[in-house]
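Notes follow once the structure below has been shown.
Numbers restart at 1 for each chain; the letters A, B, ... are given by sequence-line order, proteins then strands. Any value given below was found using the heavy atoms of this structure, including those in side chains, with hydrogens, waters and symmetry copies removed.
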Amino acid sequence: MRDAEFLIEVMAGQLQDLLVRRGIAEPALVGVHTGGVWVAERLRQRLGIATPLGRLDISFYRDDFSRIGVNPQVRPSELPFDVDDRHVVLIDDVLYTGRTVRAALNELFDYGRPASVLLAVLADRGGRELPVEANVVGTRLKLPPGQQIQLVGPEPLQLLIQTAP
Amino acid sequence: MSATDLQVDRQGRLLHFLTVEGLTRRHLTEILDTAESLRGVAERRVKKLPTLHGKTVVNLFFEASTRTRTTFELAAKRLSADVLNLNIATSATTKGESLLDTLRNIEAMQCDMFVVRHAQSGAADFMARHVKPHIAVLNAGDGCHAHPTQGMLDAFTIRRHKPDFPSLQVAIVGDILHSRVARSLIHALNILGAGEVRVIAPRTLLPAWVESLGARVFHSPKVGLREVDVIVMLRLQRERMERALLPTEQEFFQQYGLTEERLALAKPDAIVMHPGPINRGVEIDSRVADGPRSVILEQVTNGIAVRMAIMSIVLGNHARPIEEDA
């Protein structure tokens, strides 16, 4: 069990620097359900961003529908701002194979054409199957495939690492 | 095997959608929640999801329909499926082909889902019984039996306006006898735990099954509409009236038609629904149909999201390998 608040602090610092370097004054933050939304809420607060938070549920964009069907816990996606020409920061809890990010990018582009997209993740556990890298990383972990990492929350936010049964 | 046993597998997953009867609250809630997530798709730049990309859906309509067929077509297209529309009244069955032959031929075109509308009760069940196991069958209305996707979109529309089901009072008014919509909706409301379902109709348009489903029967709207939250007006199905069950349409309107005066008997925030197509001046006054309490067009919009939900859940369950019993 690891405290996630400290990692979000780390992410906020990195993201702030990156936004300054890129000259992005008012980015739009988009969290991927569910853990990504918790992290995004906290980052938005810390960075004092006025644009309302976007939330994506990528269930209908997954590449394994033909294997697992529809997630019965799917929630509505909502992007309460115009995506066109916005600088978007996509936020997720754990970066692993990269398939979720692929799905989230596809969904995002069905809302409009953003000016740019940055990726911020709480934990990068390696094991990529697609050419996807994050711009902001709270922590890097080397975990063997048999181990699971999960963000539990929303209060308190904690990273749970366990060996799969 | 009953339709209920036919549409649910050993793990309780929906493989077809033939009737609401016999499903659990979990089944219905999953459909309604999934539809809620799909409602926003219509407001986006790209009104399409990749979920059923590469799947082929066949609309098999043996009976005329505009709204149901187009919303099924749109639902499938918004999920990126390919859609084939077959209006059988104008095709091979008129040349003497049997239902089973039609089915085998379309099956040979490598389709994944049949959406079936037929004047005969049980037609969709028949299809589900005979299709290859990878094909899903959705009932888009069979005779006077069931119209389960309509029942679900009505329940969805009600839930969006009146989420507190235990305290809900719903009145269904008019031609219950010929209404597959009424039956599917009453089943859905019962399963979802609606407080009270009332049925208001003349004796000649009231089938025996109504009371066995626990609906309270009224013959007068004056009493039956009092304090209800939802009024569902049904279409007077003139084409199904083989023998004269009613004096005249004018008389029906006088006795049962929803006017502003009658609407005033219901709760002040009551909503007015109708599965369409509406007969203005027969079961509903235009001022009510087009008035502020009417959610009739919203039902059409919601129908797309609900049908998308059912299509993706059912085809998703076909995709999943069946787990062996432990």
Which residue is it: B:Asp229, B:Asp164, B:Asp33? I am looking for the one with a salt bridge (Lys or Arg N to Asp or Glu O under 4.0 Å) to B:Arg159. B:Asp33
In terms of heavy-atom proximity below 4.5 Å to chain B, should A:Asp84 be classed as side chain, backbone, both, or neither? side chain
Residues of residues 36-51 of chain B with any heavy atom under 4.5 Å of a heavy atom in chain A: B:Glu36, B:Ser37, B:Leu38, B:Arg44, B:Arg45, B:Val46, B:Lys48, B:Leu49, B:Pro50, B:Thr51
Minimum-distance pair of heavy atoms, taken over all atoms of A:Gln147 and A:Arg125: O-NH1, 2.9 Å
Test: B:Arg117 cationic atom under 6.0 Å from B:Phe61 six-membered ring centre, within 45° of axis: no
Please tabulate, for side-chain N and O atoms in residues 7-19 of chain A, each donor-acceptor pair with protein atoms closer than 3.5 Å (sequence neighbours left out).
unit_1, atom_1, unit_2, atom_2, d
A:Glu9, OE1, A:Arg46, NH1, 2.7
A:Glu9, OE2, A:Arg46, NH1, 3.3
A:Gln14, OE1, A:Val137, N, 3.1
A:Gln14, NE2, A:Val137, O, 2.9

SB check A:Arg42 A:Glu155 (cutoff 4.0 Å): yes
To check you understand the geometry: which heavy-atom pair defines the closest contact between B:Leu103 and B:His130, and what is its length? CD2-O, 3.9 Å
Structural part of B:Ile31 lying under 4.5 Å from a heavy atom of chain A: neither
Decide whether A:Glu26 and A:Thr51 meet the rule of one side-chain donor and one side-chain acceptor closer than 3.5 Å. yes
